[in-house]
Colleague: 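Sending over a structure as structure tokens; questions will come in a sec.
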Amino acid sequence: MTDEAPAAYVGQKRIVSGVQPTGDLHLGNYLGALIKFVRMQHEMETFIFVADLHALTEWQDPAKLKDQVREIVAAFLAVGVDPKIATIFAQSSVPAHAELAWIFNCVARLGWLDRMTQFKDKAGKHKERSSVGLYTYPVLQAADILAHKATHVPVGEDQRQHLELTRDIAAKFNHDFDRPGFFPLAEAVVQGPGARIMSLRDGKVKMSKSDPSDYSRINLTDDAEAISQKVRKARTDAEPLPDNLEALKARPEAENLVGVYAALSGVTAEVVLKEFAGQGFGAFKPKLADLAVSVMGPIGAEMRRLLADKGEIDRILAAGGEKARDTAAPTLAEVKKIVGYWAG
Ligand code: TYM
């Protein structure tokens, strides 16, 4: 994966990223994705959406889905995504995503999708009972990104493989239809200590909305008491913290908490180790709890305030949907011409 956007697109950089409305957002979503949206919205044109089409790949209660979408928007706003700078929309309000996904279904190869580890993880042992949508999920993700010709996609580490597939689809489309450079090869923006936050109960599995234990994650809506309790109860080991990263490699829980501290305070893990080397978790955890409460506490409070006025969120989604439809329309019209559709 290159570090820079392809030369042809320098000067018109654009971010697209999405979050599924499938449960409470947590510290992993915040550090892996949301804080990057906030930072990058000042650097590039930014489109952030709630992936309600993707949510349907697993059963969702229709009566609750709209409120789940609003909650994600409240989280975007509470962490500092500014609707005056960034376009915030619901995926279902831009039909171009689904239309382009069909064409990409015919570009992507079965063998490429067979390699997707997220499908294997989510489908588990009974893949024949999974929805077809869950299998083609990454194709829709490619359409989300390419409908807006994004050059940069800020995401957590778990999405890296989907971004590689997006690049493969873009390159194959450009090649098959002899349109070099039509779709940009979007770059995943994954770097940083927050790229892969692990469960607080097991440092070997990622923090996830679907983990049955609420103690495995810090939710964006948790209050100060819940946050400190979860940090206090986080699994650790009995050793003091070392003075170098190498020594953390065999200690996944310790490595994770140091990474969380680093990401929350905006420094590297090395800097954290410099401060805490030689100290045990009895000293480290209270400091981490205070830090987590000071960063996360206000976000939950702001989300609750925002959700009390659904009208404002709905207005932001309506305006964002209109803007995103306008941005995607010329690309989709051109794609239809390129592939030779009867109706344009
Ligand atoms: P979703 O809703 O599962 O997660 C939203 C974002 O949070 C990141 N993330 C994490 N980062 C660090 N540590 C963790 N433990 C952790 N858990 C989740 C995810 O990487 C993601 O950035 N497929 C996407 C949604 C999507 C999308 C897109 C993203 C649909 N279309 C187009 C980018 C571009 C997903 O399921 O994210």
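As the structure is a computational prediction, the values presented were derived from the model and not from experiment. Note that ligands are numbered from 1 as they come in the structure, with each ligand's atoms numbered from 1 the same way.
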Colleague: Atoms of ligand 1 less than 4.0 Å from Val153 heavy atoms?
Modeller: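 Near Val153, the atoms of ligand 1 are 33 (C), 34 (C).
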
Colleague: Can you list the atoms of ligand 1 that are under 4.0 Å from a heavy atom of Gly32?
Modeller: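 Contacts of ligand 1 toward Gly32, numbered from 1: 11 (N), 12 (C).
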
Colleague: For atom 15 (N) of ligand 1, what's the nearest protein heavy atom and its distance?
Modeller: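 Of the protein heavy atoms, Ile197 O, 2.7 Å lies nearest.
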
Colleague: Are the side chains of Leu140 and Thr57 in contact, using a 4.5 Å heavy-atom criterion?
Modeller: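 Thr57 vs Leu140: side chains apart.
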
Colleague: Is there a polar contact, in the sense of an N or O pair closer than 3.5 Å, between Val16 and ligand 1?
Modeller: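 No; every N/O pair is 3.5 Å or more apart.
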
Colleague: Run the side-chain hydrogen bond (donor to acceptor under 3.5 Å, both in side chains) check on Tyr30 and Asn219 step by step: do they pass?
Modeller: CA-CA 9 Å; Tyr30 175 64; Asn219 299 311; over 6 Å; no

Colleague: Relative to Phe182, does Lys149 satisfy both conditions: NZ or CZ under 6.0 angstrom from the six-membered ring centre, and within 45 degrees of the ring's axis?
Modeller: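 Judged by the rule, Lys149 and Phe182 form a cation-pi pair.
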
Colleague: For ligand 1, is any non-hydrogen atom under 4.0 Å from Gln91's backbone (N, CA, C, O), its side chain (CB onward), both, or neither?
Modeller: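 Within the 4.0 Å criterion, Gln91 makes no contact with ligand 1.
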
Colleague: For Leu31, state whether at least one heavy atom is located under 4.0 Å from any atom of ligand 1.
Modeller: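 In this structure, Leu31 fails to qualify as a contact of ligand 1 - no heavy atom is under 4.0 Å.
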
Colleague: On the 0 to 90° scale, with breaks at 30° and 60°, tag the Phe177-Phe173 ring pair as parallel, tilted or perpendicular.
Modeller: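 Correct class here is tilted.
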
Colleague: So, is Gly156 polar-close to ligand 1, with some N/O to N/O distance under 3.5 Å?
Modeller: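 The answer is yes, given that Gly156 and ligand 1 share an N or O pair closer than 3.5 Å.
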
Colleague: Give the residue and atom name of whichever protein heavy atom lies nearest to atom 1 (P) of ligand 1, and the separation in Å to one decimal.
Modeller: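 Protein heavy atom with the smallest distance to atom 1 (P) of ligand 1: Lys209 NZ, 4.0 Å.
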
Colleague: Step by step, would you call Asp144 with Thr166 a side-chain contact (heavy atoms from CB on, under 4.5 Å)?
Modeller: CA-CA 10 Å; Asp144 299 332; Thr166 300; over 6 Å; no

Colleague: Among protein heavy atoms, which lies nearest atom 36 (O) of ligand 1, and at what distance?
Modeller: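 For atom 36 (O) of ligand 1, the nearest protein heavy atom comes out as Tyr137 OH, 2.6 Å.
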
Colleague: I'd like to know if the side chain of Asn29 and the backbone of His26 have a donor-acceptor N/O pair within less than 3.5 Å.
Modeller: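 Yes, the answer is positive, given that a donor and an acceptor are paired below the 3.5 Å cut-off.
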
Colleague: Are Gln41 and Asp82 close enough, and set up right, to give a side-chain hydrogen bond (donor to acceptor under 3.5 Å, both in side chains), and what steps lead you there?
Modeller: CA-CA 8 Å; Gln41 66 183 340; Asp82 179 352; 5.9 Å; no

Colleague: Would you mind telling me if ligand 1 is within reach of the side chain of Leu140, the backbone, both or neither, using heavy atoms under 4.0 Å?
Modeller: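 Neither part.
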
Colleague: May I ask you to check whether Phe89 and His148 place their ring centers less than 6.0 Å from one another?
Modeller: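 Close enough - the centres of the two rings lie under 6.0 Å apart.
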
Colleague: Heavy atoms only: which of Ala188, Gly18, Ala33 is nearest to atom 33 (C) of ligand 1?
Modeller: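 Nearest heavy atom to atom 33 (C) of ligand 1 lies in Gly18.
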
Colleague: Nearest non-hydrogen atom to atom 27 (C) of ligand 1 belongs to which of His162, Arg160, Gln141?
Modeller: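 Looking at heavy atoms only, the winner is Gln141.
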
Colleague: Quick one: nearest non-hydrogen protein atom to atom 2 (O) of ligand 1, plus distance?
Modeller: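 Nearest neighbour among protein heavy atoms for atom 2 (O) of ligand 1, to 0.1 Å: Gln20 N, 2.9 Å.
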
Colleague: For ligand 1, which part of Asn29 has a heavy atom less than 4.0 Å away: the side chain, the backbone, both, or neither?
Modeller: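 For Asn29, the contact with ligand 1 is made by both the backbone and the side chain.
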
Colleague: Of all the heavy atoms in His26, does at least one lie under 4.0 Å from an atom in ligand 1?
Modeller: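 Yes.
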
Colleague: Would you say Thr117 and Gln161 are linked by a side-chain donor-acceptor pair, where the criterion is simply a distance under 3.5 Å?
Modeller: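 A donor-acceptor contact under 3.5 Å links the two side chains.
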
Colleague: For atom 31 (N) of ligand 1, what is the closest protein heavy atom, and at what distance to 0.1 Å?
Modeller: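 Residue, atom and distance for the closest contact: Asp144 OD2, 2.7 Å.
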
Colleague: For ligand 1, note which part of Ser208 has a heavy atom under 4.0 Å away: side chain, backbone, both or neither.
Modeller: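 Neither; nothing of Ser208 gets under 4.0 Å from ligand 1.
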
Colleague: Using a 4.0 Å heavy-atom cut-off, which part of Arg196 comes near ligand 1: side chain, backbone, both, or neither?
Modeller: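 Near ligand 1, Arg196 shows its backbone, while the atoms from C-beta on stay back.
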
Colleague: Please tell me whether Gln68 and Gln20 have a donor and an acceptor in their side chains that are separated by less than 3.5 angstrom.
Modeller: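 Absent: no donor and acceptor within the cut-off.
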
Colleague: Below 30° counts as parallel, above 60° as perpendicular, anything between as tilted: where do the rings of Tyr137 and His162 land?
Modeller: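 Tyr137 and His162: tilted rings.
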
Colleague: Would you say Glu157 contacts ligand 1, with heavy atoms under 4.0 Å as the rule?
Modeller: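 Not so, Glu157 does not reach ligand 1.
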
Colleague: Show which atoms of ligand 1 fall inside a sub-4.0 Å distance from at least one heavy-atom site of Ala195.
Modeller: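 Answer for ligand 1: 11 (N), 12 (C), 13 (N).
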
Colleague: What I'd like to find out is whether the side chain of Thr327 reaches to under 4.5 Å of the side chain of Arg14, using heavy atoms alone.
Modeller: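 Yes, close enough: below the 4.5 Å cut-off.
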
Colleague: So, does Glu157 use its side chain to make a donor-acceptor pair with the main chain of Arg196 at under 3.5 Å?
Modeller: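 Side chain of Glu157 to backbone of Arg196: no pair is present.
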
Colleague: In terms of residue, atom name and distance, what is the protein heavy atom nearest to atom 19 (C) of ligand 1?
Modeller: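 Here the nearest protein heavy atom works out to Asp158 OD1, 3.4 Å.
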
Colleague: Any idea which part of Leu34 is under 4.0 Å from ligand 1, heavy-atom wise: side chain, backbone, both or neither?
Modeller: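 Neither part.
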
Colleague: Determine, using heavy atoms of Gly194 and all atoms of ligand 1, whether some pair is separated by less than 4.0 Å.
Modeller: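 Contact present.
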
Colleague: Which atoms of ligand 1 sit under 4.0 Å from any heavy atom of His54?
Modeller: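 Every atom of ligand 1 under 4.0 Å from some heavy atom of His54: 30 (C), 31 (N).
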
Colleague: Roughly how far, to the nearest 0.5 Å, is the CG atom of Asp222 from the CD atom of Gln229?
Modeller: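 One gets 10.0 Å once the value is rounded to the nearest 0.5 Å.
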
Colleague: By the definition salt bridge (charged side-chain N to carboxylate O under 4.0 Å, His left out), identify the one residue from Arg235, Lys233, Arg201 that meets it with Glu253.
Modeller: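 Exactly one pass, corresponding to Arg235.
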
Colleague: For atom 10 (C) of ligand 1, what is the closest protein heavy atom, and at what distance to 0.1 Å?
Modeller: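 Atom 10 (C) of ligand 1 sits closest to the protein heavy atom Gly28 O, 3.4 Å.
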
